[in-house]
Amino acid sequence: QAQLVESGGGSVQAGGSLRLSCAASGYTSSSYCMGWFRQAPGKEREGVAGIDSVGRTTYADSVKGRFTISQDNAKNTLYLHMNKLKPEDTAMYYCAAKRGRYDCYAGSPSLPYGMDHWGKGTLVTISS
């Protein structure tokens, strides 16, 4: 049973940084697609960043240049490094994954979609 557990959320002031982590277990596929999503109060969930098993990355326009997605395969951990945080980045952040990398991304900009497994989320609050 695949399990994704996020951590690293918190409250910081605008301009600050946070690093989110997503520990993956029970996920043995060598071809995969993973991503970070977020949902702000009263808004729909949106894709933030994605990475596949060969290291291709994508970002939402709103975070490009400020956020970096990375993975440590030895630790089975996905990261989201967030810099220059803004109040509009306040949201619950979710890690998600699915098997296979060939249909990882869709849309414009291309972001992960159709994810099979989700974590429970970690809250990020940015104050002005």
Side-chain angles (χ1 to χ4, degrees):
Q1 183 76 14
Q3 186 175 17
L4 303 173
V5 180
E6 303 94 336
S7 61
S11 298
V12 299
Q13 289 190 326
S17 299
L18 283 173
R19 187 185 75 167
L20 305 184
S21 299
C22 172
S25 60
Y27 214 83
T28 58
S29 177
S30 61
S31 177
Y32 58 83
C33 170
M34 298 191 74
W36 288 98
F37 297 75
R38 67 185 181 186
Q39 187 167 19
K43 294 188 177 181
E44 293 187 354
R45 186 174 61 197
E46 62 177 359
V48 175
I51 189 166
D52 65 17
S53 48
V54 295
R56 294 184 306 164
T57 59
T58 63
Y59 297 93
D61 288 343
S62 59
V63 306
K64 199 171 294 183
R66 299 189 299 121
F67 291 11
T68 302
I69 189 171
S70 65
Q71 58 190 350
D72 185 332
N73 292 329
K75 295 182 179 179
N76 292 327
T77 302
L78 181 72
Y79 300 102
L80 185 67
H81 306 261
M82 306 187 295
N83 298 316
K84 299 179 182 178
L85 284 160
K86 304 175 181 180
E88 50 263 44
D89 294 319
T90 294
M92 185 71 79
Y93 283 72
Y94 299 91
C95 170
K98 67 178 180 181
R99 287 178 173 78
R101 67 174 180 88
Y102 294 103
D103 65 344
C104 185
Y105 305 124
S108 179
S110 292
L111 288 165
Y113 75 103
M115 312 307 273
D116 296 322
H117 300 99
W118 292 84
K120 294 183 178 180
T122 185
L123 183 63
V124 172
T125 304
I126 311 303
S127 58
S128 57

How long is the straight-line distance from OG of Ser30 back to CZ of Arg99, given to the nearest 0.5 Å?
10.5 Å
Keeping to residues at least two apart or across chains, list the salt bridge (charged side-chain N to carboxylate O under 4.0 Å, His left out) pairs with something in residues 46-55.
Arg38-Glu46, Asp52-Arg56
Could you see if Tyr113 belongs to whatever hydrophobic cluster contains Leu111? Use Ile, Leu, Val, Met, Phe, Trp, Tyr and a side-chain cutoff under 4.5 Å.
no
Asp89/Met82 under side-chain contact (heavy atoms from CB on, under 4.5 Å): CA gap, chis, key distance, verdict:
CA-CA 10 Å; Asp89 294 319; Met82 306 187 295; over 6 Å; no
Working to the nearest 0.5 Å, report the span between OG of Ser128 and NZ of Lys86.
14.0 Å
Answer yes or no: is there a side-chain heavy-atom contact under 4.5 Å between Glu6 and Trp36?
yes
Between Ser70 and His81, what is the shortest heavy-atom contact and its length?
OG-NE2, 3.1 Å
Quick check: is Phe37 connected to Tyr32 through a chain of hydrophobic side chains (ILVMFWY, heavy atoms under 4.5 Å apart)?
no
Would a hydrophobic clustering, with Ile, Leu, Val, Met, Phe, Trp and Tyr connected at side-chain separations under 4.5 Å, put Leu20 with Leu85?
yes
Classify the ring geometry of Phe67 against Tyr93: parallel below 30°, tilted from 30° to 60°, perpendicular beyond 60°.
tilted
Test side-chain contact (heavy atoms from CB on, under 4.5 Å) on Met115 and Tyr94 and set out the steps.
CA-CA 11 Å; Met115 312 307 273; Tyr94 299 91; over 6 Å; no
Give the cluster check for Ile69 versus Leu18: same hydrophobic cluster or not, with ILVMFWY residues linked at side-chain heavy-atom distances below 4.5 Å.
yes
Check whether any side-chain heavy atom of Cys33 lies under 4.5 Å from a side-chain heavy atom of Asp103, and answer yes or no.
no
Any donor and acceptor pair, going by atom type alone, linking the side chain of Tyr59 with main-chain N or O of Gly50 inside 3.5 Å?
no
Determine, step by step, whether Ser7 and Thr122 satisfy the side-chain contact (heavy atoms from CB on, under 4.5 Å) criterion, reporting the C-alpha distance in whole Å, the side-chain angles of both residues, the deciding distance to 0.1 Å, and the verdict.
CA-CA 6 Å; Ser7 61; Thr122 185; 5.6 Å; no
Please tell me if the side chains of Leu4 and Leu78 come closer than 4.5 Å, counting only heavy atoms from C-beta onward.
no
Are Tyr79 and Cys22 side-chain neighbours, meaning at least one heavy-atom pair lies under 4.5 Å?
no
What's the shortest heavy-atom distance between Gly9 and Val124, and which atoms?
CA-CG2, 4.1 Å
Interatomic distance, OG@Ser31 vs NZ@Lys98, rounded to 0.5 Å, equals 10.5 Å
Report whether Val48 and Ile126 are members of the same hydrophobic cluster (ILVMFWY, side-chain heavy atoms less than 4.5 Å apart, transitive linking).
yes
Does some side-chain heavy atom of Asp61 sit less than 4.5 Å from a side-chain heavy atom of Pro109?
yes
Non-hydrogen side-chain atoms of Val54 and Arg101 separated by less than 4.5 Å:
yes
With rounding to the nearest 0.5 Å, note down the distance linking CG in Leu123 to CE in Met92.
5.0 Å
Check: Met34 and His117 side chains under 4.5 Å, non-hydrogen atoms:
no
Is there a side-chain contact between Ser53 and Gln71, using heavy atoms and a 4.5 Å cut-off?
no
